[in-house]
Amino acid sequence: MKKQSNIVEYQFEASQFEWEIAEGKTIQAWGFNKQVPGPIIKARKGDTLVVRLKNSLSESTMIHWHGIRVPASMDGTGEVQKPVAPGEEFEYRFQVEDAGSFWYHSHHNETVQMERGMYGAIVVEDELDPVVDEEKIFMIDDMKLTANFEFTKPSWALPRLIEKHDGRQGDTLLINGKVDSLLHMHARQMERWRFINASSARYFKLYLGGREFKIIGSDGGLIEQPVVVREALITPGERLDIMVGPFKEGEIIPIDSLSYSRSTFLRPKKETFASVKVLEAKPSVANIPPFLRVIEPLAPQEAAINRKVKFSVGPSLKNGMNFLINNGLHVLDEPVKVGELQVWEIDNVSLMDHPFHLHGFFFQVLEINGKAPAYKAWKDTINLTPRTKVKIAWMPDNRPGKWMYHCHILEHHAAGMMASFEVIDAATPYVTSRSSCHSH
Ligand code: C2O
Ligand code: CU
């Protein structure tokens, strides 16, 4: 990493390489700079980030900066750029305006490219961050591998349908690209742990063997006040920052995911992703203030809804199952105007969970089935449980262009559960066309 004034530069090469997920267990991974996850991007709030991507894969790719408020042209989707073909290069350049835990991932053929490891963490720091003794990043993933550690797509009809329905969930459980990692921390200290769910479909219900921990941050940075819990759900695409400790020397803290039923064919169960061993005591400088920051409400809970978005799942003769938005596949939604407050109701009428993700803009959750959420937060991904209505508010700031929202279960997104829409300058007249949409 080169750092000059406020420009932070990275050179990324996407390629296929051998990656050791555990001793003696090697996979043919796809990723950035021959590592899974890709390099950790570190910047300070306000920095300009420059990432030069060279594609040495045998197929096209693109990078999406999940949670970063980039200009539309840098969003890394097929709406705004030509996929970077094998041998080609592309330069991403944008400012990072928010502190928090973000991530990047391939936004092309994601069910293959992300499953094989094309993702990484972005940490944006700020002076307002609480003082902690140490920080750790936990990038959650799981891979579905054969006994020989190979990636294959199910070829029979039933397993294919199951993978489409459930999303691709595997039993090779990874934290930062490794199986069964043993990490360390020191007794008496308090650490900030940043969780990022990079999996295709795994619902990760964080549990530290029953110990309390404090939620301090969400998708869009710090929340207002720490929230003490013993478990917390992190769905695909979401981030959660927590404070842990102090613990006693000799303790082993499991990083567990509790069983969560999202109406899958696969039976949910409790699983351990990694462990943290507590070493000898060291003095602590950590200081977590009772108030972390103010989050100004965008709209009152009862604000009038100006758009409804319906998520549903239906049978299909052609595809086995359709994953729909407003009864369509890969739809084009109406444009929104810069500066006009958006209050959307996302209605999941299906009998399974879907994590809704909005590109480029943070929203606030006003209501979940009529009730205010437990705490205020800036979000870009929110889980929709079956038969649930979530009301969100967001403000299209001055970044006109093409954006999208979709289910972050990659197989559902690929099967149609996505919509693109345009943010338009208030001054520009707009002619609606619901005609075409693209593939992805
Ligand atoms: Cu992290 Cu379009 O997604
Ligand atoms: Cu879904």
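For ligands, and for the atoms within them, numbers begin at 1 and follow the listed sequence. Side chains included, hydrogens not; waters and symmetry mates left out as well; all remaining heavy atoms used.
For H412, the N/O/S atom at the shortest distance from the Cu ion (ligand 2) is named ND1. Nearest N/O/S atom of H354 with respect to the Cu ion (ligand 2) is recorded as ND1.
Among the atoms of H359, an N, O or S atom falls under 2.8 Å of atom 2 (Cu) of ligand 1. Checking C407 against the Cu ion (ligand 2), an N/O/S atom falls under the 2.8 Å cut-off. Here H64 fails the criterion, with no N, O or S atom under 2.8 Å of atom 2 (Cu) of ligand 1. At a cut-off of 2.8 Å, H66 is counted among the residues with an N, O or S atom near atom 1 (Cu) of ligand 1.
Atom NZ of K214 is surrounded by 12 or fewer heavy atoms from other residues, nucleotides or ligands within 6.0 Å. Other residues, nucleotides and ligands place no more than 12 heavy atoms under 6.0 Å from the NZ atom of K308.
Rounded to the nearest 10 degrees, the angle NE2 (H408) to atom 1 (Cu) of ligand 1 to NE2 (H105) equals 110°.
Looking at heavy atoms from C-beta onward, E20 lies in side-chain contact with K178 at the 4.5 angstrom threshold.
Annotation: cation-pi geometry not satisfied between R69 and F94 (NZ/CZ under 6.0 angstrom from ring centroid, within 45° of ring axis).
The ring of Y405 has its center closer than 6.0 angstrom to the ring center of F356. When ring centroids are compared, Y92 and F12 stay outside the 6.0 Å threshold.
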